[in-house]
Amino acid sequence: MGRTIVAIVATGTALVLAALPIVLALVSPGGLGGLAPPDPATPSGEAINQLYWFVFGICAVVFIGVETALVLFILRFRRRSTTPVDAEGPQIHGNTRLEIIWTAIPAVILAVIAIVVLVRTPAVQATGGDRSDELVVRVEGHQFYWRYVYPDGQISLDTLVLPVDRPVKLELVSYDVNHSWWVRELTGKQDAIRGQVNELLLRPTAEGTFDGVCAEFCGVLHAVMPTTVEVVSQEEYASRIEQLSGQDQAGEAQLALGRQTWERTCAKCHGPEGQGDLGPPIAQNGTLVDEEALRDLLNDGLDTPGVEGYMPPVGRGWPAFQVQALIEYIRSNEDLAPPEQDGGGSG
Ligand code: CUA
């Protein structure tokens, strides 16, 4: 009797634990804390959600069926107190009909899942509709930040601004190791691989701010490589793009690009005031304002065999005006500018 109770309690506990993900997924509003996907903001996200719930539904039915049968069998065929301890169960030599059934049913289920997934997966790439006013944005994965380049050369780091209701093509590339761009509300994840251009086609249908991550382990600061996508009205998009520093801008716009570059790239390793963190302190280092030396360092990084300390080629692919913007920002910042530059002014 005691053993029966133990068996029932153990089975019950195992069932509750196993069913927990299902319960969580059903009550979850989505987001990182939950197991259910977030509300989609694009047809691509909608297609992913449909596939998720389709596969989830079938799995839930199978799970409940199997676990129910398991519990019933445990209770129904357990050893009774009247049965001798050394009693043998009935000796069975297979059952052809049963075996065919329990092979065929899973095969049919798997085939249905495979067919539906293969048919629906292309819908994740938003190829349909009028794409004549497609917005092409270059998405560069770098250790350890995202660099977005808009059609007229404007640059933003880690934050991507997109207009609502307009087809978007993201061209993903990498300048060092593999990264993966993933903003769950918008679309599926796509790798950024060196030497290759991968595409993501999507059409944001709702305004809002959507958080994403780098989904491919890419080095020591992989965890601080998140991204944000701000989907705004077409008018706001135009004015936001205007504010982003392009090639010919100087003054405030240039300083803004320089500050963004410092904060999103240098400061992640060297600290917000260049005081040193994962990387060594670099505040007031002469190289910071020596355009040629800085450019070489940003392009090549530091990776000497046998020497501790690795710096990624963090500025590979930057145009000269971005390096200049960084230098102007450093010159304008008292904490960062080398003393001989007589920093403190605005450049
Ligand atoms: Cu980039 Cu992980």
Side-chain angles (χ1 to χ4, degrees), residues 30-35 37-38 42 44-45 48 124-125 136-150 154-162 168-202 209-231 244 257 259-272 276-280 282 297-303 308-319 322-323 326:
L32 286 176
L35 295 170
T42 59
S44 310
I48 293 174
V124 172
Q125 286 278 35
V136 181
V137 180
R138 184 178 164 87
V139 179
E140 299 176 357
H142 292 260
Q143 286 172 318
F144 296 95
Y145 65 97
W146 295 101
R147 183 170 178 271
Y148 298 106
V149 186
Y150 301 84
Q154 295 91 344
I155 295 164
S156 69
L157 302 178
D158 286 347
T159 298
L160 170 65
V161 185
L162 292 179
V168 175
K169 176 157 89 178
L170 302 179
E171 293 183 339
L172 287 95
V173 296
S174 169
Y175 276 78
D176 36 57
V177 300
N178 295 351
H179 305 270
S180 179
W181 194 85
W182 191 28
V183 181
R184 299 184 312 154
E185 284 92 341
L186 300 183
T187 183
K189 58 181 81 141
Q190 182 69 274
D191 280 356
I193 298 173
R194 191 162 173 187
Q196 180 166 332
V197 180
N198 284 344
E199 290 180 356
L200 270 176
L201 302 175
L202 55 109
T209 301
F210 307 104
D211 291 327
V213 294
C214 174
E216 179 73 51
F217 183 65
C218 55
V220 67
L221 287 186
H222 161 71
V224 292
M225 208 179 147
T227 189
T228 303
V229 179
E230 293 179 22
V231 177
L244 289 175
L257 174 62
R259 167 198 278 273
Q260 202 190 162
T261 302
W262 170 265
E263 288 176 350
R264 308 315 308 177
T265 66
C266 315
K268 281 183 182 171
C269 285
H270 297 284
D277 185 7
L278 187 69
I282 53 170
L297 183 63
L298 294 171
N299 250 320
D300 303 338
L302 284 174
D303 191 14
E308 201 181 325
Y310 160 74
M311 172 169 167
V314 70
R316 201 171 274 171
W318 291 359
Q322 192 175 1
V323 179
L326 176 62

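When a ligand or atom number is given, it counts from 1 through the structure's own listing order. For the single chain, residues carry numbers from 1 onward in sequence order.
Asp158 places no side-chain N or O within 3.5 Å of a backbone atom of Thr227 that could act as its donor or acceptor partner.
Remark: the Gln322 side chain and the Arg147 side chain contain an N/O donor-acceptor pair separated by less than 3.5 Å. With no hydrogens or angles considered, no side-chain donor-acceptor pair links Glu263 and Tyr145 at under 3.5 Å.
Around the CZ atom of Arg316, the shell of radius 6.0 Å holds more than 12 heavy atoms that belong to other residues, nucleotides or ligands.
Under the side chain to side chain donor-acceptor pair (under 3.5 Å) criterion, Asp191 pairs with Ser180, sequence neighbours left out.
Excluding waters, the count of protein N/O/S atoms less than 2.8 Å from atom 1 (Cu) of ligand 1 comes to 4.
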Could you walk me through whether Val220 and Phe144 pass the side chain to side chain contact (heavy atoms under 4.5 Å, CB included) check?
CA-CA 9 Å; Val220 67; Phe144 296 95; 4.2 Å; yes
